[in-house]
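In what follows, a structure is listed as structure tokens, so that the remarks can point back to it.
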Amino acid sequence: MKLALFLMATLASTSTLAQQCNIDSAHLKADYKITNTHKNEQSTQSLTLWRNNSQVAHQREVITELWQHLANKQIRPIRYFNAQQRGIEYQPSEVRGVQSWSAKNQLVDTHLIEKMTLVNTQGSGCDEVKNYTLTEGDNQFKLALFTKSNLVKSFSVTNKKSDTHTLLNLNEVNSNKAEITAQFAKWDRFQTTDYADIGDNENDPFLAKMINLGFIEHSATGFYNQQGKAIQGGHHH
């Protein structure tokens, strides 16, 4: 009888462990693939989401956009140009549009998730995924979200009227804290210019080029806003 009770207790504690998740969601590197399909044409791009406590970065091939979540809940953005190792710093007041931290931190705004219908929950512990869906106007949204880490596993938007489909797919996750903090330290060493001071630095060839290319204007607010619309930031020019 004692052995049976011991085995039952052991199984119960093992089951409890399976439900737990020790992943540090504040320090993550998540590699995504974005596939855009319009009629029969398809294009892909990569996106890496970095989290470092109150800092989040979206790294693309040319540009990395980093946001700092300030104590007053405002968001301060920095736009880094990867190859040139240069950056432009903005004040929260200089950024247009809704600034949603959840859209930066998890790529899909919490306001949009709250409007969605939970279809089911799969897996357990770190692998627990909630599947959501929403139809709004001509758009159909489907979202698979890791519950413990608030990481998007997959997110798709289909617009039947325009015959477009956008799919965001998670490829790999890295939670090596040393690597993550080292990357943020590397960005911090890039030479930066305050947005307000750009007019005084017109002789800087880098800034002159960025102005001509339209990279100075800052309007990116995350992958999707609370209406579920794809944000077109300066990096799409």
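Sequential numbering from 1 along the given sequence is applied to the chain's residues.
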Is [X] salt-bridged to [Y], going by a charged N under 4.0 Å from an acidic O?
{"X": "Asp204", "Y": "Arg86", "result": "yes"}
{"X": "Glu89", "Y": "Arg76", "result": "yes"}
{"X": "Lys115", "Y": "Glu136", "result": "yes"}

Note, [X] side chain near [Y] side chain (heavy atom, < 4.5 Å):
{"X": "Tyr90", "Y": "Ile78", "result": "no"}
{"X": "Leu151", "Y": "Leu49", "result": "yes"}
{"X": "Ser102", "Y": "Asp109", "result": "yes"}
{"X": "Lys186", "Y": "Phe184", "result": "no"}
{"X": "Thr166", "Y": "Ile34", "result": "yes"}
{"X": "Gln140", "Y": "Val157", "result": "no"}
{"X": "Gln45", "Y": "Asn36", "result": "yes"}

Looking at every non-hydrogen atom in both residues, tell me the closest pair between [X] and [Y] and how far apart they are.
{"X": "Leu28", "Y": "Ser175", "answer": "CD2-CB, 3.9 Å"}
{"X": "Ser156", "Y": "His165", "answer": "CB-CE1, 3.7 Å"}
{"X": "Lys29", "Y": "Asp31", "answer": "CE-OD1, 3.8 Å"}
{"X": "Thr121", "Y": "Glu128", "answer": "CG2-CG, 3.6 Å"}
{"X": "Phe146", "Y": "Cys126", "answer": "CD2-O, 3.6 Å"}
{"X": "Arg51", "Y": "Ile180", "answer": "O-CG2, 3.4 Å"}

I'd like to know if the side chain of [X] and the backbone of [Y] have a donor-acceptor N/O pair within less than 3.5 Å.
{"X": "Asn159", "Y": "Ser162", "result": "yes"}
{"X": "Tyr32", "Y": "Val152", "result": "yes"}
{"X": "Asn52", "Y": "Gln55", "result": "no"}
{"X": "Ser46", "Y": "Arg60", "result": "no"}

Steps toward side-chain hydrogen bond (donor to acceptor under 3.5 Å, both in side chains) verdict (Glu179, Asn174): CA-CA 9 Å; Glu179 181 185 330; Asn174 181 352; 2.9 Å; yes
Determine whether more than 12 heavy atoms belonging to other residues, nucleotides or ligands lie under 6.0 Å from atom [atom1] of [X].
{"X": "Asn40", "atom1": "CG", "value": "no"}
{"X": "Glu41", "atom1": "CD", "value": "no"}
{"X": "Gln84", "atom1": "CD", "value": "yes"}

Measuring from atom [atom1] of [X] to atom [atom2] of [Y], what distance do you get when rounded to the nearest 0.5 angstrom?
{"X": "Ile113", "Y": "Leu145", "atom1": "CD1", "atom2": "CG", "result": "5.0 Å"}
{"X": "Leu66", "Y": "Gln59", "atom1": "CG", "atom2": "CD", "result": "10.5 Å"}
{"X": "Ser154", "Y": "Leu168", "atom1": "OG", "atom2": "CG", "result": "8.0 Å"}
{"X": "Leu143", "Y": "Thr117", "atom1": "CG", "atom2": "OG1", "result": "12.0 Å"}
{"X": "Leu47", "Y": "Glu65", "atom1": "CG", "atom2": "CD", "result": "10.0 Å"}
{"X": "Ile88", "Y": "Thr193", "atom1": "CD1", "atom2": "OG1", "result": "7.0 Å"}

Indicate the ring-plane relationship of Trp101 and His69, choosing parallel, tilted or perpendicular according to the 30° and 60° boundaries.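 Correct class here is parallel.
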Given Lys153 and Asp127, is the salt bridge (Lys or Arg N to Asp or Glu O under 4.0 Å) satisfied, shown in steps? CA-CA 10 Å; Lys153 182 181 181 183; Asp127 294 325; over 6 Å; no
Side chain to side chain contact (heavy atoms under 4.5 Å, CB included) between Met116 and Phe141, intermediate numbers included: CA-CA 8 Å; Met116 302 178 90; Phe141 304 93; 3.6 Å; yes
Under the criterion ring-ring contact (aromatic ring centres under 6.0 Å, His included), I'd like the reasoning laid out for His58 against Trp50: C-alpha separation, chi angles, the key distance, then a yes or no. CA-CA 6 Å; His58 296 176; Trp50 297 79; over 10 Å; no
Apply the test side-chain hydrogen bond (donor to acceptor under 3.5 Å, both in side chains) to residues Glu61 and Asn82: give CA-CA distance (whole Å), side-chain angles for both, the deciding distance (0.1 Å), then the verdict. CA-CA 8 Å; Glu61 188 179 346; Asn82 303 328; over 6 Å; no
Starting from the C-alpha separation in whole Å, work towards a yes-or-no answer on side chain to side chain contact (heavy atoms under 4.5 Å, CB included) for Phe155 and Leu112. CA-CA 12 Å; Phe155 181 54; Leu112 178 63; 3.9 Å; yes
